[in-house]
Number of protein chains: 2
Amino acid sequence: MAVVSCEQCRLRCKPQFHQFGDDELAFVQTLQSTQSSMAPNADILVPGEAKGLFTLFAGWAYRYREFPDGNRQILDFLLPGDLIGLQATLLDQTQYGVKTLTAATVCVLDGRPLDEMFREHPALAHLLVRTLMQDQRRTDGQLAFLGRRTAAQRMGYLMLELFDRLDRIGMSNGTWCQFPLQRRHLADALGLSGAHVNRSMTDLRDAGLATLGNNVLVLLDRARLEDFAGYRALDEGERIIL
Amino acid sequence: MAVVSCEQCRLRCKPQFHQFGDDELAFVQTLQSTQSSMAPNADILVPGEAKGLFTLFAGWAYRYREFPDGNRQILDFLLPGDLIGLQATLLDQTQYGVKTLTAATVCVLDGRPLDEMFREHPALAHLLVRTLMQDQRRTDGQLAFLGRRTAAQRMGYLMLELFDRLDRIGMSNGTWCQFPLQRRHLADALGLSGAHVNRSMTDLRDAGLATLGNNVLVLLDRARLEDFAGYRALDEGERIIL
DNA sequence: CGTGCACTTGAAGTACATCAACTAGGGTGG
DNA sequence: CCACCCTAGTTGATGTACTTCAAGTGCACG
């Protein structure tokens, strides 16, 4: 496939992302070596194996941890612009994996070591930390929710959060968006059984809040859904994209 | 109280923390303005209010998020050496608070803006990101656990994790350590009711795995507890302390 | 026209919450 | 010294949200 240079990248221009100066952009371009296309359900990072740093350029992916008993927990969904593998790059032992959910394209960031970014572009490092804090805030929300809300509330929360993240990168359409998660992904993300995911979805549909079908999520009544799920939209501010 | 300078800080010398060069140490000293002692159960950061950046110097604290219904979820426990308030400093809206668990002392980091660290000490910035990734890994574990394990397993996991964190800063004693969490803190951290925390503790004690009493945690059979809780000790590597 | 896979639905079991009654220290005032 | 309360923890009874298992549906693909 044709490699898209950072200068011409359509994703990078979205208002969600910090717009680099010329020298910063040139530097980021040198971080990147190639791009790589992947099938749905393919491994980007395998737990305990080869490390790698990537930017998700197109498609959906998810970060997960698996237990000896075969159970797994989805920690996070990854959308275009998200960085993949920073934890694996900086720490010795990591226990998470990353898989594609849909067909996806990643930019491979092995052109030069990340150290140089800290030395030569402190503003980028600062933005990176800011982006990490946004991710931490999101994780805080998940943690708070897993412990304290019902299955249907958790579902609604996840829907709203993903919708808003898509919206920020121009991938939503007013009241609906693509939503390629299957039942088992929802179950693994929300700590539920597949059967109960189903019941919760039925609840949300019957209550006229949201429906899910054909890989499309429709928010039927956003205001009431927010209220029901205890979700509050947050002003994210700029993120970094490498 | 007497202010301890960074050069004489006993905490900073622990092998857990990266040992700074002289110029770095001098820089970190200028970040700090004063130290402040706090009573147990006092607010360090109030959700949605004044921002501030601190290093916990002595004592225990916890980071929490509260719901409109009065429920709250403890996101993380903070031990000496941990940084407090980075998310609040870098983002506009934050919804978490931090309270002391015991009497505590914090170093107040408002001496000069954090930007200078990125510009003048890129190695510190790099270490900061590494430390944040360690925290993310820990949070990953919590997320995976909340969704997928029983009450007693979650309790055991939390005990082992806190024990090991204490151990790394020299605050454990072989098989036991201080453990100032009350029942309601455990409940709020693990997503349980107070009553069930109690039952789970009884289970762990009856199984000969761990006991809790008088603010002391005793690991009766660490190997079996690790096995039971699905906990694996991780080599953390160096953290940064500001 | 079967064969397989993702989803749906129902019945029964389990792990947890909730509530209420009780117990055990720890001041405080007399 | 005791009578008193106040709070933190303990225990039991009951309700509920979820899991698990099993049978059934609908659609995609050979």
Side-chain angles (χ1 to χ4, degrees), chain A residues 39-41 62 67 69-74 99 101-102 144-158 179-207 210-217 228-230, chain B residues 39-41 62 67 69-74 99 101-102 144-159 179-207 210-218 228-230:
Chain A
N41 225 18
Y62 60 95
F67 295 99
D69 62 8
N71 244 328
R72 88 188 165 165
Q73 173 74 34
I74 291 183
K99 272 186 200 261
L101 199 57
T102 66
F145 254 77
L146 263 184
R148 295 285 168 202
R149 311 313 269 239
T150 67
Q153 287 176 310
R154 282 180 259 171
M155 280 252 338
Y157 190 92
L158 179 64
F179 204 79
L181 282 64
Q182 291 178 308
R183 301 290 173 278
R184 64 188 164 86
H185 299 121
L186 286 167
D188 288 345
L190 301 173
L192 295 171
S193 65
H196 206 69
V197 164
N198 192 23
R199 286 181 254 266
S200 307
M201 273 179 19
T202 313
D203 290 349
L204 289 180
R205 185 172 352 102
D206 291 352
T211 54
L212 212 49
N214 266 327
N215 289 344
V216 168
L217 164 67
F228 171 78
Chain B
N41 225 18
Y62 60 94
F67 294 99
D69 62 9
N71 244 329
R72 91 189 160 164
Q73 173 74 34
I74 291 184
K99 273 188 199 256
L101 199 57
T102 66
F145 253 77
L146 264 185
R148 294 288 169 200
R149 308 316 270 239
T150 67
Q153 288 177 309
R154 280 179 259 172
M155 279 252 340
Y157 190 93
L158 179 63
M159 287 171 170
F179 203 80
L181 283 65
Q182 289 179 310
R183 218 183 31 153
R184 62 169 207 281
H185 299 120
L186 287 166
D188 288 345
L190 300 173
L192 295 171
S193 66
H196 208 70
V197 164
N198 192 21
R199 286 182 254 267
S200 306
M201 273 179 17
T202 313
D203 290 349
L204 288 180
R205 184 172 352 100
D206 291 352
T211 54
L212 213 50
N214 265 326
N215 289 344
V216 167
L217 164 67
V218 183
F228 171 78

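A quick note: this is a predicted structure, and the numbers were derived from the prediction, not measured. Note: hydrogens, waters and symmetry copies are ignored here, and every other heavy atom, side chains too, is used. First the proteins, then the strands, lettered A, B, ... as listed; each starts at 1.
The two residues A:S200 and A:A151 have their closest heavy-atom pair at OG-CB, 3.3 Å. The minimum heavy-atom distance between B:F145 and B:A229, with the atom names listed, is CZ-O, 2.8 Å. Between B:Q73 and A:G147, the shortest heavy-atom distance links the atoms OE1-CA, 4.1 Å.
Look at CG on B:N214: it is 10 Å from P on C:dG25, rounded to the nearest Å. Separating the CG atom of B:L186 from the P atom of C:dA17 is a distance of 13 Å, rounded to the nearest angstrom. Atom-to-atom, CG of A:L190 to P of D:dT19 comes out at 10 Å; the value is rounded to the nearest Å. For B:L212 and D:dA8, the CG to C1' distance is 13 Å, given to the nearest whole Å.
Considering CE of A:M201 and CG of A:D206, their distance stands at 11.0 Å, rounded to 0.5 Å. Once rounded to the nearest 0.5 Å, the distance linking OG1 of A:T150 with NE2 of A:H196 reads 8.0 Å. Going from atom CG of B:N214 over to atom CZ of B:F179 covers 14.0 Å, rounded to the nearest 0.5 Å.
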Return all side-chain donor-acceptor pairs below 3.5 angstrom for residues 181-192 of chain A, not counting sequence neighbours, or 'none' if the list is empty.
unit_1 : atom_1 : unit_2 : atom_2 : d
A:Q182 : OE1    : A:R184 : NH2    : 3.2
A:H185 : ND1    : A:Q182 : N      : 3.0
A:D188 : OD2    : A:R72  : NE     : 2.6
A:D188 : OD2    : A:R72  : NH2    : 3.1

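Nucleic acid contact for B:G191: sugar-phosphate only, since backbone atoms but no base atoms lie under 4.0 Å from a heavy atom of the residue.
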Which atom pairs link the protein and nucleotides 24-30 of chain D when you take only N or O atoms and keep those under 3.5 Å?
none

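Within residues 146-155 of chain B, no residue has any heavy atom closer than 4.0 Å to DNA chain D.
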Per-nt protein contacts along nucleotides 3-13 of chain C (heavy atom under 4.0 Å; B base, S backbone sugar-phosphate only, - none) come out as ----SBBBB--
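Every residue meeting the side chain to side chain contact (heavy atoms under 4.5 Å, CB included) condition with B:P180, not counting sequence neighbours, appears here in chain and number order: B:W60, B:L101, B:T102. Among residues two or more places apart in sequence or in another chain, the side chain to side chain contact (heavy atoms under 4.5 Å, CB included) test is passed with A:D69 by A:F67, A:N71.
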What do the steps show when you test B:M159 against B:L204 for side chain to side chain contact (heavy atoms under 4.5 Å, CB included), and what is the final call? CA-CA 11 Å; B:M159 287 171 170; B:L204 288 180; 3.9 Å; yes
